[in-house]
Amino acid sequence: MLQTIFHAWERRLASVTTDRVVGPFDWGVDWIPPNGSAPDGAPVAQLREWVSHVMADTDAFFTAPPISDYTLTRRANGDLLTFPSALGTPHAENNTVYCRYFPARSRSAVLVLPQWNADPDGHVGLCRLLALNGMTALRLSLPYHDQRMPPELHRADYIVSANVARTVQVCRQAVLDARRAVAWLALQGYDRIGILGSSLGSCLALLTTAHEPLIVAQALNHISPYFADVVWRGLSTRHVRQGLDGHVDLDLLRALWAPISPRLFLDRVRDRRTLLVYARYDLTFPVDLSEDLVRECRELGIPYELAVLPCGHYSTGKTPFKYVDGWVLMRFLKRTLMS
């Protein structure tokens, strides 16, 4: 009975968004370097070769040169940190990173990565909760979100879309941006740094932790082992699936999106403190996928803590569940970063 009620609620909450658009399918070859491939080669072959090259050295793929040109602007509603993104895209607005800064007195800090299509105030309440509990919070606007969205968009469609290579590269951009944000925190003297990500932000947070040695703890809020499976089956990404249908099957998509799939990087987070959170009635990150990731961690001997929320994906953001979720996330980070 509870499942029926929550699933109906999730569908109603998802239906509130009426501006989802089915975008055209594209392999996105123009978003990758040639890697020695013949320019007239089959797009699938070019992408397979590129992904193979990426997976052979993901440290190179997810590492950018250090910078010093950070700017912190004092504001009444939260200080604003800006810096150049490490990955240039065709959209100038997207190439500057914006982070809202909520300082606390300790030397512990948390980088916060919100969900896909979060509004500018998404997770700000959580950041303030972290700061009230002694942990500085830095909320990063993901690529193509907030001030980074070009005029042609009204949703952040370029970070998850039916353009295969662009999706990988924009998610990569998010990880590179997150690592530069972590570097700035370290420059300010923070020596116990954690990361918190929700939904898409959870995937990006794990990828960041896997490649950033300064991160000691990760709180992953809504989880799945493979990027492709969530897009293929999730309630929130049905319009993306429609754009993919008839052009690529799930097995091929899973292979091409390997560089942004958490399962393939679990062994790299073995020495970090990890909290896994999923919702029992989730239709956006289907529950069996979340359970698969938990099982993979257990079978690989990856240490983790687990919390299962008694709600769905969208309803996590509703009272009283948002308070339960915030408390679970804050308690884990406070215990791991400040004890």
*Could you check Ile195 against Glu212 for side chain to side chain contact (heavy atoms under 4.5 Å, CB included), going step by step and ending with a plain yes or no?*
CA-CA 11 Å; Ile195 192 168; Glu212 178 48 71; over 6 Å; no
*Check the pair Val294 / Leu306 against side chain to side chain contact (heavy atoms under 4.5 Å, CB included), numbers first and verdict last.*
CA-CA 8 Å; Val294 174; Leu306 177 65; 3.9 Å; yes
_Using side chain to side chain contact (heavy atoms under 4.5 Å, CB included), reason through Leu329 and Leu126 one step at a time and then give a plain yes or no._
CA-CA 9 Å; Leu329 297 166; Leu126 182 56; 4.1 Å; yes
*Show your working on side chain to side chain contact (heavy atoms under 4.5 Å, CB included) between Trp184 and Tyr101 and close with a plain yes or no.*
CA-CA 11 Å; Trp184 181 82; Tyr101 178 53; 3.8 Å; yes
_Before you tell me yes or no, could you show the steps for Glu10 and Ser315 under side chain to side chain donor-acceptor pair (under 3.5 Å), namely the whole-Å CA-CA distance, both residues' side-chain angles and the distance that decides it to 0.1 Å?_
CA-CA 7 Å; Glu10 288 291 298; Ser315 48; 2.7 Å; yes
*Trp327 and Phe332: CA distance, side-chain angles, deciding distance, ring-ring contact (aromatic ring centres under 6.0 Å, His included) verdict*: CA-CA 8 Å; Trp327 179 78; Phe332 167 79; over 10 Å; no
*Apply the test ring-ring contact (aromatic ring centres under 6.0 Å, His included) to residues His211 and Phe265: give CA-CA distance (whole Å), side-chain angles for both, the deciding distance (0.1 Å), then the verdict.*
CA-CA 9 Å; His211 296 89; Phe265 300 93; 5.3 Å; yes
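The cluster map of Ile, Leu, Val, Met, Phe, Trp and Tyr, joined by side-chain heavy atoms under 4.5 Å apart, puts Leu293 and Leu113 in the same cluster. Hydrophobic clustering (side-chain heavy atoms under 4.5 Å, transitive across Ile, Leu, Val, Met, Phe, Trp, Tyr) keeps Leu80 apart from Phe102. In this structure, Leu256 is a member of the same hydrophobic cluster as Val175, with clusters built from ILVMFWY side-chain heavy atoms closer than 4.5 Å. Connection of Leu200 to Tyr98 is not established within any shared hydrophobic cluster, with ILVMFWY side chains joined at heavy-atom distances below 4.5 Å, either directly or through further cluster members. The hydrophobic cluster containing Leu87 does not contain Phe62, counting ILVMFWY residues as joined when their side-chain heavy atoms lie under 4.5 angstrom apart, directly or transitively.
Between Leu220 and Val277, the closest side-chain pair of non-hydrogen atoms is not below 4.5 Å. The side-chain heavy atoms of Trp116 and Arg155, taken from C-beta on, include a pair separated by under 4.5 Å. Counting only heavy atoms from C-beta outward, the side chains of Leu187 and Tyr70 approach each other to under 4.5 Å. When side chains are defined from C-beta on, Arg180 does not count as touching Asp177, because their heavy atoms never get closer than 4.5 Å. Within the 4.5 Å cutoff, side-chain heavy atoms of Val324 are placed close to those of Leu309. Looking at heavy atoms from C-beta onward, Trp257 lies out of side-chain contact with Val51 at the 4.5 angstrom threshold. Side-chain contact between Tyr226 and Leu289 is absent, with no heavy-atom pair separated by less than 4.5 Å. Side chains of Arg335 and Arg331 form a contact here, defined as non-hydrogen atoms less than 4.5 Å apart.
One finds no salt bridge joining Arg280 and Glu291 here, because no Lys/Arg side-chain nitrogen approaches an Asp/Glu carboxylate oxygen to under 4.0 Å. Using a cutoff of 4.0 Å between basic side-chain nitrogens and carboxylate oxygens, Lys322 and Asp325 are not scored as salt-bridged. Looking at Asp288 and Arg233, a side-chain N of the basic residue comes within less than 4.0 Å of a carboxylate O on the acidic one, giving a salt bridge.
The two residues Ser161 and Val240 come nearest to each other via the heavy atoms C-CG1, 3.6 Å. In terms of heavy-atom proximity, Pro259 sits nearest to Leu207 at O-CD2, 3.9 Å. Pairing each heavy atom of Gln115 with each of His145, the nearest pair is O-NE2, 4.1 Å. Pro286 approaches Gly234 most closely through the heavy-atom pair CD-CA, 4.5 Å. Contact detail for Ile67 and Pro84: the closest heavy-atom pair is CD1-CD, 3.9 Å. Arg272 approaches Arg268 most closely through the heavy-atom pair NH2-O, 4.2 Å.
The cationic atom of Arg166 (NZ for Lys, CZ for Arg) does not lie both less than 6.0 Å from the six-membered ring centre of Trp27 and within 45° of the ring axis.
Counting heavy atoms of neighbouring residues, nucleotides and ligands inside a 6.0 Å radius, atom CZ of Arg75 exceeds 12 of them. A 6.0 Å sphere centred on CZ of Arg238 holds no more than 12 heavy atoms belonging to other residues, nucleotides or ligands.
Note: Asn163 CG to Asp157 CG = 11.5 Å, rounded to the nearest 0.5 Å. Note that the SG atom of Cys127 and the CE atom of Met330 stand 13.5 Å from one another [nearest 0.5 Å]. Summarising the geometry, atom CD1 belonging to Ile223 is positioned 9.0 Å from atom OH belonging to Tyr304; distances are rounded to the nearest 0.5 Å. Rounded to the nearest 0.5 Å, atoms CD1 (Ile32) and CH2 (Trp50) are 6.5 Å apart. The line from OG1 of Thr209 to CD of Gln218 is 4.0 Å long, rounded to the nearest 0.5 Å. One distance of note links SG of Cys99 with CG of Asp79; it measures 12.0 Å at 0.5 Å rounding.
In this structure a side-chain-to-backbone donor-acceptor pair under 3.5 Å is missing from Ser52 to Glu49. In this structure, Arg270 contributes its side chain and Gly301 its backbone to a donor-acceptor pair below 3.5 Å. Although no hydrogens or angles enter the test, the distance criterion places no donor-acceptor pair under 3.5 Å between the side chain of Arg192 and the main chain of Ser108.
Between the side chains of Arg179 and Thr63, at least one donor N or O lies within less than 3.5 Å of an accepting N or O.
Relative orientation of the His313 and Phe285 rings is parallel, given thresholds of 30° and 60° on the angle between their planes. Relative ring orientation between Tyr281 and His7 is described as perpendicular, the plane-to-plane angle rising above 60° on a 0-90° scale split at 30° and 60°. Ring pair Tyr158/His91 is tilted by interplanar angle, where 30° to 60° counts as tilted.
Residues passing the side chain to side chain donor-acceptor pair (under 3.5 Å) test with Arg254, sequence neighbours excluded: Asp229, Asp251. By the side-chain contact (heavy atoms from CB on, under 4.5 Å) test, Asn95 is found to be paired with Thr89, Gln173, residues two or more places apart in sequence or in another chain being considered.
Of the options Val22, Val231, Thr237, Asp249, a side chain to side chain contact (heavy atoms under 4.5 Å, CB included) to Leu244 is made by Val231 and by none of the others.
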For residues 128-143, which side-chain donor-acceptor pairs fall under 3.5 Å, sequence neighbours excluded?
unit_1 : atom_1 : unit_2 : atom_2 : d
Asn133 : OD1    : Lys334 : NZ     : 3.2
Asn133 : ND2    : Leu129 : O      : 2.9
Thr136 : OG1    : Ala104 : N      : 2.8
Thr136 : OG1    : Tyr190 : OH     : 2.9
Arg139 : NE     : Gly122 : O      : 2.6
Arg139 : NH1    : Ser141 : OG     : 3.2
Arg139 : NH1    : Asp146 : OD2    : 3.3
Arg139 : NH2    : Asp119 : O      : 3.0
Arg139 : NH2    : Gly122 : O      : 3.4
Ser141 : OG     : Asp146 : OD2    : 2.5

